[in-house]
Amino acid sequence: MTKTYLTRGISLRVILFIAAVALLVYFLPRTDKNHFVYEVNRPWKYALLTAPFDIPVHLDSVSAARVKDSIDASFEPVFKRDLAMEKTAISDYTTRLNSAQGLNITPSQKNQIIKAIRQIYENGIVSPDIYAKIESGELPSVRFVHDNVAISLPTASYLSAFRAYEHLDSLFKDREVRSALSATRLSDLLQPNISLDTVTTRRLLDDSYMMAMAPIDVKQQGERIVDEGELVTPMIATILDTYEEMAEERAGGQLSQHHYPALGQTLYLIILLAALYGYLYFFRPKFFADDRTTTFLMSFVVFFALFAFAMDAGFHMGFYIVPFTMVPIMIVVFLDSRTAYFCHIIEVLICALIATSPLEFVFMQLIAGIVAIDSLKDLSRRSQLLRTAGFIFLAYSLSYISIEVMQTGTLADAQPRVFGALGVNAILISFSYVLMFLLERIFGFTSRVTLVELADTNNPLLRELSEKCPGTFNHSMAVSNLASEAAVRIGANVQLVRTGALYHDIGKIKNPAFFTENQHGVNPHDVLDPMQSARIVTDHVRDGLTMAEKAKLPVAIRNFIAQHHGAGKARYFYNTYANAHPGEEIDERPFSYPGPDPQSRETSLLMMADAIEAASRSMTDHTPEAITALVNKIIDAQIAEGLHNQSPISFRDVSLIKDSFIQRLRTMYHSRISYPELKKQ
């Protein structure tokens, strides 16, 4: 590893750390006043709190709402009468009536019409919506204010403009008079003269609220407000709100009220993220050394924390909706369970900063995280996510019930909406498959679900391999079975080995006839120079990588294609060429595979299984001794050649692999009992 790479790697981790702390501190909800985190009808978690100054005691929110409802029900709104509009309307209609032509009515009848209209206005005309309230009984009376004196009047005589015209029309029985009302378009001039005085009504209603909300008591300086373990009643919550408001006003915006909390939060977050870095450095150095993995872990933890902050600020019970268990689910799918649980703890402790009930939040999330990891140890089907979501919902519900009973001694105060929010949480978790797909594309990870899908023999590449190279396909299937059994023995990634083995020889599709397992009596290498033959054979690695890239196979699968021969030689053609040119210094490069050598236990295992399976096909003696000798000879030769030097595989792993191969081959090639022939009588 070069010095430049080391410097770049350290710089990246420092930048990620600083950016994570800065983002979390910037978006972390905070308040500029002394603020207690508590819930109504839950125990007070702080020490004894006494009044540092006299605190007025107001009605609690429930009582205040009840009083306001009572005021609203009995309050009479204030109306006003528009006398100028009345006079103008009556005058305009009088002029219209006197100037109209062709009316067969007498002057006396005209005076009766004007008198009736004046009486209608005297009784009062209101808007249609006000009249609807009067008819429904919602507005039996209203007030008028004159010279600062309020007078209450009934609304029974009020009519809408439409009802007023109907009344006038029914008042006159004479046909000529009714025709005159229609001809003079009286309905156009009838307008409301009684309307709501919104300004005065609002002022009087606010005055009523203010009088009703006046303090009902005073907490004297030094008097107890609430003690540790005491239930926070709605009245105590109201006193605490008043105390916080007064404390803020008295503080006058001092420096300590504005800056020290942010400094404490910054230090808190630095400690948590440093703990995560320490875990990765000491216990998962491979993850910490990988830029992609470190970036994934830090960005994923920070993203979910910011998402939780937004949900808590934007939705009631938003914290219960946030699918925190997606963090361990995604990490256990792509990395391992221990890292998943550690990151989940860090995530929970970060978000506990803004939790209303930190004890309840931490307990519920830790239990749910454990259930998520335990129930999803090996994800291979989408249906497992649904099962895990159900288990998580059950874990959340039982945890919430236990906390509720422990703190209050009853389930009477449990909120049904919490279970609804937890149900939404479980539904979101069941959609983790979509997030898994996105993370695979962004960070280049490969999940077990993807490996299972790729291992389907109906996959286009595998189907083409089985059609064009049936011998190679059978060889790949045999290698897959041989290697996956050994992977179980050494604790390697079994599904990765199984899938990688199926694809390791797909490059042979380009020239199937040049590989022994696909030949039928004719060997095209017989007419070629060994160097040409070696080039064709070794090119199946490059061809396989080209096909894998075109098919967008994951990097983890491409590694099996590139590394299953390492940088070793095409030994058959190299030996043939060397024997034909004795004493000549031979350039090994034309006979060597492009490599690199295996970089993981899984690719080392495949290299061993590939060579063992191919060699076992040419055996004539399948005794246990011969099989054991073959396995030891091939694997020991690879180790001696240094092909596994870059792999973390251990001598213990090699011993277990050998034993697994020997047992498997003995089972495959065990002798069968010959069936006796039936003798005819």
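FYI, the numbering just counts along the sequence from 1. Computed from a predicted structure; not experimentally measured. We use all heavy atoms of the structure for the numbers below, so side chains are in, but hydrogens, waters and symmetry mates are not.
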Report task. State which residue, out of Phe591, Phe560, Tyr593, fulfils the ring pair (Phe, Tyr, Trp, His ring centres under 6.0 Å) condition with His565. Result -> Tyr593

Query raised in the report: Taking only residues two or more places apart in sequence or in another chain, which ones pass side chain to side chain donor-acceptor pair (under 3.5 Å) with Gln638?
Result: His644

Query raised in the report: What about the rings of Tyr400 and Phe419, do their centers lie closer together than 6.0 Å?
Result: yes

Query raised in the report: Among pairs that include at least one residue of residues 313-341, which meet salt bridge (charged side-chain N to carboxylate O under 4.0 Å, His left out), considering only residues two or more places apart or in two chains?
Result: Arg284-Asp336

Query raised in the report: Please walk me through it: do Phe288 and Tyr277 pass ring pair (Phe, Tyr, Trp, His ring centres under 6.0 Å)?
Result: CA-CA 8 Å; Phe288 190 69; Tyr277 265 34; 5.5 Å; yes

Report task. Run the ring-centre check on His525 versus Phe514 and record whether the distance is less than 6.0 Å. Result -> yes

**Report entry** Whether Phe307 and Phe303 hold their rings parallel, tilted or perpendicular, with breakpoints at 30° and 60°
**Finding:** parallel

**Report entry** Side chain proximity check, Asn645 to Asp597, heavy atoms < 4.5 angstrom
**Finding:** no

Query raised in the report: Between CG of Leu394 and CD1 of Ile367, what distance do you get to the nearest 0.5 Å?
Result: 12.0 Å

**Report entry** Residue pairs involving residues 450-476 (criterion ring-ring contact (aromatic ring centres under 6.0 Å, His included); sequence neighbours excluded)
**Finding:** His475-His504

Query raised in the report: What pairs meet the side-chain hydrogen bond (donor to acceptor under 3.5 Å, both in side chains) rule with one or both residues in residues 550-561, with sequence neighbours excluded?
Result: none

Requested in this report: Name all residues meeting the salt bridge (Lys or Arg N to Asp or Glu O under 4.0 Å) criterion together with Glu517; count only those two or more places apart in sequence or in a different chain, and write none if there are none.
Outcome: Lys508

Requested in this report: Not counting sequence neighbours, which residues clear side chain to side chain contact (heavy atoms under 4.5 Å, CB included) with Leu656? List them please.
Outcome: Arg489, Ile490, Arg652

